Number of protein chains: 2
Amino acid sequence: MHDTLEAFAIQLIDLSHPEPDGSRRLIPERELCARLDVSRGALRERLSQLEYIGVLSRRQGHGTYLQAPGPDVIRTYFTTMRALGFLDSTEIAEAREMLETVVAVQAARRATAADAERLRALVDEMVACTAAGDHDAATEADLAFHAGLFRIVDNPVFTMVHTGLAYALQQAMHERRARAIAAETPDADGRTETDTIHYPVVDAIAANDPDAARDAIRRHFEIHSLITLDTAEEAPA
Amino acid sequence: MHDTLEAFAIQLIDLSHPEPDGSRRLIPERELCARLDVSRGALRERLSQLEYIGVLSRRQGHGTYLQAPGPDVIRTYFTTMRALGFLDSTEIAEAREMLETVVAVQAARRATAADAERLRALVDEMVACTAAGDHDAATEADLAFHAGLFRIVDNPVFTMVHTGLAYALQQAMHERRARAIAAETPDADGRTETDTIHYPVVDAIAANDPDAARDAIRRHFEIHSLITLDTAEEAPA
DNA sequence: GGAGGGAGATTGGTCAGACCAATGTTGACA
DNA sequence: TGTCAACATTGGTCTGACCAATCTCCCTCC
């Protein structure tokens, strides 16, 4: 078992059979051991690594499957690094904002009218939730809006990284949003600045105007940044 | 062992002792099993996951250490996904170019004169290598230049992601560069377009001009893109 | 005949103990 | 004092067994 993980993974393809849903079912672990001439313990160590990165799932009493990883594959990666103090929230938040900026610009280049409408609907929903006092739902809609930007650009690497960063920041984002809401004075329509700042982003994307999108998302982060939210974490070292 | 990986990792901190180099040495596996009330096999499955993401290293006959992950932690992640066909080179290349674009812009905001000089030296070296006919060394210098952009911005998330993407593209990049060099006609100084296109990036960064940096890096990718390099890969499904 | 349920098979999850392999440590010997 | 062999430490692997969740199939009962 001194192969690289990718070499090991490739071997598994030949030791599996296709399923109707597009995944591939591996032969049972005990057979795999025999075929690869390795003990079950060593095999399971490798399988658990592949499971960790989301390309493999195991169900007791059912089987083991090779599958396309979901968008949250990188999630545990960042949350673990953050939990151990090897990344702090400031660094994660900074990366997220730079990522969203470039994605908003790219989305403005690529968005169809339908894409823009979907985005606008999400902002409308967020505003409605805020007006109704349901801040948790509003935060959900907020997250959906940002995920929507990535959906337009439709690059799996960016989507995975962004999803992972969003998870790692989730706690901080909820707290920050609650604080922002509390500090803001709603206008006549019950909208907070946090809500309305999203519309220029939608407008720019609907107009396919990358430069306007860059300005709008930048203004958004100016009043809604998570950077420097908490820097008091300490590394375990 | 139904904890999340980050919860498990946090437990380990208390079961380790600091080392002079800043890492933390875990107590032996057999003791860990007893303390965590779990079998060695199950424990090792978890440890191998942490090892995979680079926050833990194991040396036979030596010990197990918690450590800060290096910049290449995400490498196996992308290479494995690519090997299994869940990511293709086009997607990886696109992400890399968008990432480098935003990083070049940010670098232009933050770069000191010393930063810019380091970058310029790398391009000079690349040009010298090309002129001397050492295309491998030139490619190395090229990679170092792009890594240098990330060093200026100094965000560990971006650095990790970029390093991982670069690894996953390494083969493709070498091939592409060899092809580009072969197709180009050097100018009077023996410089190819691939070489000289880097200087405007350095100039923009030295001038702390983000907009110029964006234009320069975009022009760079227009003649040096890896996107659509190969799209003939097939998913194992 | 159809629905429900239980026995058994399948398969991943865990455990225990042993031995192998690499590394570090100690102390005897030249 | 330097060298090296024996031993201790520690991660790496193997074997075989049993547990737990799930599925399959057939029997029973309505």
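Convention: sequence-line order gives letters A, B, ...; per-chain numbering from 1. Just so we're clear, the structure is a prediction, and the values are computed from it rather than from any experiment.
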Q) Going by atom types alone, do B:Ser89 and B:Arg82 pair a side-chain donor with an acceptor below 3.5 Å? A) yes
Q) Taking atom P of C:dC15 as reference, at what distance in whole Å does atom CZ of B:Arg46 sit? A) 12 Å
Q.
Would you call the rings of A:Phe221 and A:His146 parallel, tilted or perpendicular, taking 30° and 60° as the class edges?
A. parallel
Q | A:Leu32 CG to C:dT11 P, straight-line distance once rounded to whole Å | A | 11 Å
Q: Calculate the interatomic distance between B:Leu36 atom CG and C:dA16 atom P; express it in whole Å.
A: 14 Å
Q: For B:Glu31 and D:dA8, give me the distance from atom CD to atom C1', rounded to whole Å.
A: 14 Å
Q. Which atoms form the tightest heavy-atom contact between A:Ile53 and A:Val73, and what is the distance?
A. O-CG1, 3.3 Å
Q.
Does a side-chain N or O of A:Ser39 approach OP1 or OP2 of D:dT13 to a distance below 4.0 Å, or not?
A. no
(Q) Does B:Arg30 contact C:dG17 through a side-chain donor or acceptor facing the base, at a distance under 3.5 Å? (A) no
Q. Between D:dC14, D:dG12, D:dA21, which one does the side chain of A:Gln60 approach most closely?
A. D:dA21
(Q) Would B:Thr112 and B:Asp115 count as a side chain to side chain donor-acceptor pair (under 3.5 Å) here? Give the steps. (A) CA-CA 5 Å; B:Thr112 63; B:Asp115 289 332; 3.1 Å; yes
Q) Does D:dC23 have OP1 or OP2 sitting under 4.0 Å from an N or O in the side chain of A:His62? A) yes
Q) Whole-Å distance between C:dT11 P and A:Leu43 CG? A) 15 Å
Q) At under 4.0 Å, does any side-chain N or O of A:Thr64 touch on OP1 or OP2 of C:dG12? A) yes
Q) Is the phosphate of D:dT10, meaning OP1 or OP2, less than 4.0 Å from a side-chain N or O of B:Arg58? A) no
Q) For DNA chain D, whose closest nucleotide is more 5', that of A:Asp37 or that of B:Gly61? A) B:Gly61
Q.
With a cut-off of less than 4.0 Å, is there a side-chain N or O of A:Arg40 near OP1 or OP2 of D:dT15?
A. no
Q: Tell me what B:Gly41 touches on the nucleic acid: a base, only sugar-phosphate, or nothing, going by heavy atoms under 4.0 Å.
A: nothing
Q | Candidates C:dG12, D:dT10, D:dG12 - which lies nearest the side chain of B:Glu29 | A | D:dG12
Q: Would you kindly give the CD-to-C1' distance between A:Glu45 and D:dC14, to the nearest whole Å?
A: 12 Å
Q) Just checking A:Arg59: base, sugar-phosphate only, or nothing, at a heavy-atom cut-off of under 4.0 Å? A) sugar-phosphate
Q.
Expressed as a whole number of angstroms, how long is the span from A:Leu66:CG to C:dG12:C1'?
A. 15 Å
Q. Between A:Ile27 (CD1) and C:dT11 (P), how many Å, whole number?
A. 10 Å
**Q.** Contact check, side chains of B:Val157 and A:Phe78, non-hydrogen atoms, under 4.5 Å
**A.** yes
